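Start at 1 with the first residue, then count along the sequence. All values derive from a computational prediction rather than experimental measurement.
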Amino acid sequence: MESDATPQQALAQAERATAAVWYDYPPTPWWYCPGAGAWHAAFPLAIGGLRDAPALLLVALAALMAVAAGFTTWYTRYRGAMPRVGGAIPAEFRPAVVAFGGGYLTLLVGVAIVFVTAGYGAAAIVALVGVTAGFAVYERAYAAAAAATRARVG
């Protein structure tokens, strides 16, 4: 089959197809950010609260991982496809993805420091508030990047 598209048009069409998984997605559920915060807060609570009951701690950690696996499966179906951070990232998304990664690592280190210095209850609060707020900020940055990408690729 022949195409009348110019090389520039063909390149633009390929870029639209590659970027679509990043900007063509359903709205994120309202509970996503607080749910992620609660899930992250459950880790210091489980580790601190169950440290003297290793069998229960393993069950709690396995349950948390099962929740994560179930959510990931559901969210992938909900979105239709998930962007691969290791693949081609549209330029508009790079600042948000880099900031998210750096912020997430910084928060995890902060939660660990609070866990050691102030206890697991305080660490859970830091995780709940930090992850909820951080994910909310990322969601806004992601939406802005999606809008900019949509506008650029048409």
Exercise answer: donor-acceptor pairs, residues 125-140 side-chain atoms, under 3.5 Å, sequence neighbours excluded:
residue	atom	partner	partner atom	Å
Thr132	OG1	Leu128	O	2.7
Glu139	OE1	Thr28	OG1	2.8

Show which side-chain atoms of residues 106-122 pair as donor or acceptor with protein atoms under 3.5 Å away, not counting sequence neighbours.
residue	atom	partner	partner atom	Å
Thr106	OG1	Gly102	O	2.8
Thr117	OG1	Ile113	O	2.8

Which atom pairs, donor and acceptor, lie under 3.5 Å between side-chain atoms of residues 31-60 and protein residues at least two apart or in another chain?
residue	atom	partner	partner atom	Å
Trp39	NE1	Leu64	O	2.9
His40	ND1	Ala36	O	2.7
His40	NE2	Tyr104	OH	2.6

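The list of ring pair (Phe, Tyr, Trp, His ring centres under 6.0 Å) pairs with a residue in residues 76-95, not counting sequence neighbours, reads Trp22-Phe93, Trp74-Tyr78, Phe93-Tyr142. Evaluation of the side-chain hydrogen bond (donor to acceptor under 3.5 Å, both in side chains) test over residues 89-99, restricted to residues two or more places apart or in two chains, returns Glu92-Thr149, Glu92-Arg152.
Thr72 meets the side chain to side chain contact (heavy atoms under 4.5 Å, CB included) test with Thr76; sequence neighbours excluded. Applying the salt bridge (charged side-chain N to carboxylate O under 4.0 Å, His left out) test to Arg79 and every residue at least two apart in sequence or in another chain returns nothing.
Residue Leu105 is found outside any hydrophobic cluster, as its side-chain heavy atoms come under 4.5 Å of no other Ile, Leu, Val, Met, Phe, Trp or Tyr. The hydrophobic cluster of Val98 has no other members, since no ILVMFWY side-chain heavy atom comes under 4.5 Å of it.
Summarising the geometry of Tyr75 relative to Met82, their closest heavy-atom pair is CD2-CE, 3.8 Å, with the distance given to 0.1 Å.
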